[in-house]
Amino acid sequence: MAIPHALPGQAIDVQPLGARLAQEKTFALFKSADLEVMRLVLLAGKSLPPHSVPGEITVQCIEGSIEVTANNQAHVLRAGQLLYLSGGVVHGVTALADSSALVTVALRK
């Protein structure tokens with residue numbers, strides 16, 4: 001069963017998952033014509049392979065720590081830190097600890 005996306009004007013809880021983190025999966029919080037927001041969940045040592053998206057993105061670590069590689073640089077993000085990337089930049093993500101992050105993608109038409 002698909003997780004329903006949030007509706008316009010609906011509050012979304014993005015607090016740390018805490019003890020539930022290991023049982024959660026990555027999912028989209030909402031998607032519109034111009035914007036998509038996802039909660040990325042990665043357990044320690046797991047990763048997303050290098051990829052790119054046409055639009056600009058932000059990655060905000062909510063809990064744990066992640067390493068985002070982009071432009072031949074590694075950026076370690078800890079809870080409360082955010083990274084902005086231009087559209088088209090090849091990037092990958094590796095969890096240094098059990099982690100969740102908020103990923104925002106500007107969708108290009």
Side-chain angles (χ1 to χ4, degrees):
M1 171 185 268
I3 295 173
H5 290 164
L7 300 172
Q10 179 182 2
I12 302 170
D13 184 358
V14 295
Q15 294 183 53
L17 296 167
R20 300 188 338 258
L21 192 141
Q23 289 75 44
E24 295 290 332
K25 302 236 183 274
T26 295
F27 61 94
L29 297 170
F30 73 86
K31 185 174 183 177
S32 68
D34 300 314
L35 190 65
E36 182 173 20
V37 177
M38 296 163 278
R39 180 171 209 144
L40 174 66
V41 176
L42 287 175
L43 300 182
K46 299 295 181 182
S47 62
L48 292 177
H51 63 284
S52 67
V53 294
E56 300 164 317
I57 69 169
T58 62
V59 180
Q60 180 181 355
C61 186
I62 296 172
E63 61 194 313
S65 61
I66 57 176
E67 181 179 81
V68 180
T69 55
N71 294 323
N72 297 317
Q73 290 186 314
H75 307 274
V76 175
L77 300 180
R78 292 179 176 73
Q81 293 182 308
L82 178 136
L83 179 68
Y84 161 75
L85 296 173
S86 298
V89 170
V90 175
H91 60 281
V93 181
T94 300
L96 303 176
D98 292 352
S99 304
S100 73
L102 198 61
V103 178
T104 303
V105 181
L107 302 174
R108 294 256 169 115
K109 295 178 184 172

Checklist entry - Does the side chain of Glu56 reach to within under 4.5 Å of the side chain of Thr104, using non-hydrogen atoms? => result no
Checklist entry - Is there a side chain to side chain contact (heavy atoms under 4.5 Å, CB included) between Leu35 and Phe30 once you walk through the steps? => result CA-CA 8 Å; Leu35 190 65; Phe30 73 86; 3.8 Å; yes
Checklist entry - Short question: side chain of Thr58, backbone of Leu83 - any donor-acceptor pair under 3.5 Å? => result no
Next on the checklist: Once salt bridge (Lys or Arg N to Asp or Glu O under 4.0 Å) is applied, do any residues pair with Glu24, and if so which ones, sequence neighbours excluded?
Outcome noted: Arg20
Item to check | Distance in Å, Leu82 CG paired with Leu102 CG, rounded so as to fall on 0.5 Å steps | outcome: 8.5 Å
Next on the checklist: If hydrophobic residues (ILVMFWY) are linked whenever their side-chain heavy atoms come closer than 4.5 Å, directly or via other members, who joins Leu96 in its cluster?
Outcome noted: Val76
Checklist entry - Hey, any chance Ile62 and Leu17 share a hydrophobic cluster, counting ILVMFWY side chains that come within less than 4.5 Å of each other, even indirectly? => result no
Next on the checklist: Is it the case that over 12 heavy atoms from other parts of the model lie below 6.0 angstrom from the CD atom of Gln15?
Outcome noted: no
Checklist entry - Of all heavy-atom pairs between Pro16 and Arg39, which one has the smallest distance, and what is that distance? => result CA-NH2, 3.8 Å
Item to check | Atom of Ile66, atom of Ala101 and distance for their closest heavy-atom approach | outcome: CD1-CB, 4.1 Å
Item to check | Rounded distance (nearest 0.5 Å) linking atom CG of Leu42 with atom CG of Leu48 | outcome: 5.0 Å
Checklist entry - Partners of Thr94 by side chain to side chain contact (heavy atoms under 4.5 Å, CB included), sequence neighbours excluded? => result Ser47
Next on the checklist: Test: salt bridge (Lys or Arg N to Asp or Glu O under 4.0 Å). Region: residues 80-94. Which pairs qualify, not counting sequence neighbours?
Outcome noted: none
Checklist entry - What residues form a side chain to side chain donor-acceptor pair (under 3.5 Å) with Gln81, not counting sequence neighbours? => result none
Checklist outcome for this item: For Tyr84, the hydrophobic cluster (side chain heavy atoms closer than 4.5 Å, chained through members) also holds none
Checklist outcome for this item: Closest heavy-atom pair, Gly64 versus Cys61, reported as atoms and distance to 0.1 Å, is O-SG, 3.5 Å
Item to check | ring-ring contact (aromatic ring centres under 6.0 Å, His included) partners of residues 49-74, not counting sequence neighbours, each pair once | outcome: His51-His91
Item to check | Audit row: Val68, Leu77, side chain to side chain contact (heavy atoms under 4.5 Å, CB included) steps and yes/no | outcome: CA-CA 8 Å; Val68 180; Leu77 300 180; 4.1 Å; yes
Checklist outcome for this item: By side chain to side chain contact (heavy atoms under 4.5 Å, CB included), Ala44 pairs with (sequence neighbours left out) Asp98
Next on the checklist: Apply side chain to side chain contact (heavy atoms under 4.5 Å, CB included) to residues Leu21 and Val41 and explain how you reach the verdict.
Outcome noted: CA-CA 7 Å; Leu21 192 141; Val41 176; 4.3 Å; yes
Checklist entry - Excluding sequence neighbours, so at least two apart, what forms side chain to side chain contact (heavy atoms under 4.5 Å, CB included) with Gln10? => result Ala6, Leu7
Next on the checklist: To check you understand the geometry: which heavy-atom pair defines the closest contact between Lys31 and Leu107, and what is its length?
Outcome noted: CE-CD1, 3.7 Å
Item to check | Residue pairs, two or more places apart or on separate chains, that pass side chain to side chain donor-acceptor pair (under 3.5 Å) and touch residues 62-78 | outcome: Glu63-Ser100
Checklist entry - About how many Å separate NE2 of His5 and CG of Leu29, when rounded to the nearest 0.5 Å? => result 8.0 Å
